[in-house]
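First the structure, in the form of structure tokens, and then the observations on it.
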There are 2 protein chains.
Amino acid sequence: MTTVQGARARARAEITAAIKDEARRQLAAEGAAKLSLRAVARELGMVSSALYRYFPSRDDLLTALIVDAYDAVGAAAETAHAAAVRAAPGGHLAHWTAVCRAVRAWAVAHPHEYALIYGSPVPGYTAPQDTVGPAARVGLLLVATARAAYEAEGVALPPLPDSLTPEAERLAADLAPDLPPALAVSLVFAWAQLFGLVSFEVFGQFNRIVEDRDAFFATAAERLGREVGLLPGR
Amino acid sequence: MTTVQGARARARAEITAAIKDEARRQLAAEGAAKLSLRAVARELGMVSSALYRYFPSRDDLLTALIVDAYDAVGAAAETAHAAAVRAAPGGHLAHWTAVCRAVRAWAVAHPHEYALIYGSPVPGYTAPQDTVGPAARVGLLLVATARAAYEAEGVALPPLPDSLTPEAERLAADLAPDLPPALAVSLVFAWAQLFGLVSFEVFGQFNRIVEDRDAFFATAAERLGREVGLLPGR
DNA sequence: CTAAAAAGAGAGCACTGCTCTTGCATGCGA
DNA sequence: TCGCATGCAAGAGCAGTGCTCTCTTTTTAG
């Protein structure tokens, strides 16, 4: 039925990957603002107009890099989570902090790609639909971690103010219908706060302020975990 | 002693301000990536090369806008803080949330300027020295709020892990020698987390997830305040 | 084997940041 | 008050950008 892809299709896939690789290199070297289609093409030994056969515009190339970046950080988080579960199946707080640490480690190792997805939206602001799936991976992982803890041992959470009750219920219905609204709210808080900590470190806001970033972040991640009601395993 | 500035200097100040105003307009309309010196000059009826008499490069213009943005958000926060203190001198948690709300309100009203200062570092990454003073205003205000509460009624904070003790002491010595290390650490946590919440809202990460942003943020700000040990006034 | 589809090459348009030279007028010190 | 140095604008020009359009070559599919 589905035959082996012809040589043309294979070449196309290879060239597409080569373009993205070179673009990633320039991204890491100079940042998104200076990523230039012509420079990518030049480096690859092709003429700039040929590149438009693969990506119809510079923004489309950036979108592809964004999707890849979301997938990369999501994969890193999922791998770390799986390893933590294997190491200590009952330590839900440890699973949480493992995910946080993996996100931070990836961000520090790939600052420009991190900036692409969690910094200011670079071009015309509208996130294409292709990005929403990969973008959700880390968030879903945090939800899953909290769910496991909730089902295993429950969670202790501060009460919600009345003003937030409707939003909390809507949020829980959308996000995780099996979890209590207060947990859903705390998860979204922690999600945003986690990336606040990572962004401040990656974007240099901690320069000359925080020195021992590892210890600092470890404590912050644990506090975030406690904020969503996780308890250290026995 | 200091005479009135000559007409030439006054004209220079006016043109400098006009350039920054027009640049801010383009920033708000199109974002930092599309801010163009030539377009600014064109709109002001001058030739592009004349603009270089006022700002030696595009990055210098951006730096000036960054400093102004830090000052604007700092001023907004300080105004809100002063009003909250006037309204309820003993309500330290209310002072805290007032600062948080002011920061968020300014950010939502000026998303592109916010992105300039708390998004990905746009140009060659090195923050010029001129920016560090204005950049610190909001942070210092948070510290001052916590200090007032600490001196008035003390604060209740979770203990620090041993691994963070040296960093915490260094941090407190640098940041606020009169405050306990645990408070200094919690303040930096809350500082980063506050901007994580604001950034996620401004950068669209809450799209299709959080609907009632006001109520959501109000609760988050209060929890951040409690995290640094603030208690609701009587 | 041939017609159609895909890919590359190159020229060209409108734009960008930035530099350099030239001419002008304006505000300053004498 | 006057002369001139200084501050500033104008314009041309360079190298680079995203993107489009043609024209040719290659490859695939029928």
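All chains are named by letter (A, B, ...) in the order of the sequence lines, taking the proteins before the strands, and each is independently numbered beginning at 1. Computation of the quantities below employed the complete heavy-atom set of this structure, encompassing side-chain atoms and omitting hydrogens, waters and symmetry-equivalent molecules. These numbers come from a predicted model, not from an experiment.
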Rounded to whole angstroms, how far apart are [atom1] on [X] and [atom2] on [N]?
X: A:Leu37; N: D:dT20; atom1: CG; atom2: P; result: 11 Å
X: A:Met46; N: D:dC19; atom1: CE; atom2: C1'; result: 17 Å
X: A:Asp59; N: D:dT17; atom1: CG; atom2: P; result: 16 Å
X: A:Leu44; N: C:dA7; atom1: CG; atom2: P; result: 15 Å
X: A:Asp60; N: D:dG18; atom1: CG; atom2: P; result: 13 Å
X: A:Leu51; N: D:dT20; atom1: CG; atom2: P; result: 13 Å
X: B:Glu43; N: C:dT16; atom1: CD; atom2: P; result: 12 Å
X: B:Arg58; N: D:dT17; atom1: CZ; atom2: C1'; result: 13 Å

Any residue meeting side chain to side chain donor-acceptor pair (under 3.5 Å) with B:Trp106, in chain and number order, not counting sequence neighbours: B:His110
Pairwise 5' ranking along DNA chain D for A:Arg53 and A:Leu35, keeping only the more 5' one: A:Leu35
B:Tyr54: partners by ring-ring contact (aromatic ring centres under 6.0 Å, His included), with sequence neighbours left out: none
Stepwise salt bridge (Lys or Arg N to Asp or Glu O under 4.0 Å) test for B:Arg170 and B:Asp174: CA-CA 6 Å; B:Arg170 208 199 42 68; B:Asp174 279 13; 3.0 Å; yes
Donor/acceptor link under 3.5 angstrom from B:Ser49 side chain onto base of D:dA9: no
Enumerate all atom pairs, one protein N or O and one N or O from nucleotides 14-16 of chain D, separated by less than 3.5 Å.
none

A:Tyr52 vs D:dT22: side-chain N/O to OP1/OP2 distance below 4.0 Å: no
Phosphate-side-chain proximity, A:Arg12 and C:dA7, N/O vs OP1/OP2 below 4.0 Å: yes
Sugar-phosphate, base or nothing in reach of [X], heavy atoms under 4.0 Å:
X: B:Ser48; value: base
X: A:Phe55; value: nothing
X: B:Ile15; value: sugar-phosphate

Pick out the pairs of N or O atoms, protein on one side and nucleotides 24-28 of chain D on the other, that lie under 3.5 Å.
from: D:dT27; atom 1: O2; to: A:Arg8; atom 2: NH1; distance (Å): 3.4
from: D:dT28; atom 1: OP1; to: A:Arg8; atom 2: N; distance (Å): 3.3

Minimum-distance pair of heavy atoms, taken over all atoms of B:Tyr52 and B:Leu37: OH-CD1, 3.3 Å
Residue pairs, two or more places apart or on separate chains, that pass salt bridge (charged side-chain N to carboxylate O under 4.0 Å, His left out) and touch residues 101-120 of chain B: B:Arg104-B:Glu201, B:Arg104-B:Asp214
Parallel, tilted or perpendicular, as decided by the 30° and 60° cut-offs, for the rings of B:His95 and B:His81: perpendicular
Mutual orientation of the aromatic rings belonging to B:Phe200 and B:Phe206 [parallel < 30°, tilted 30-60°, perpendicular > 60°]: perpendicular
Side-chain polar contacts of residues 38-46 of chain B - donor-acceptor pairs under 3.5 angstrom, sequence neighbours left out - could you list them?
none

Candidate list A:Val143, A:Leu142, A:Leu175, test side-chain contact (heavy atoms from CB on, under 4.5 Å), partner A:Val188, passing option: A:Leu175
Separation between CG of B:Leu140 and CH2 of B:Trp191, rounded to the nearest 0.5 Å: 9.5 Å
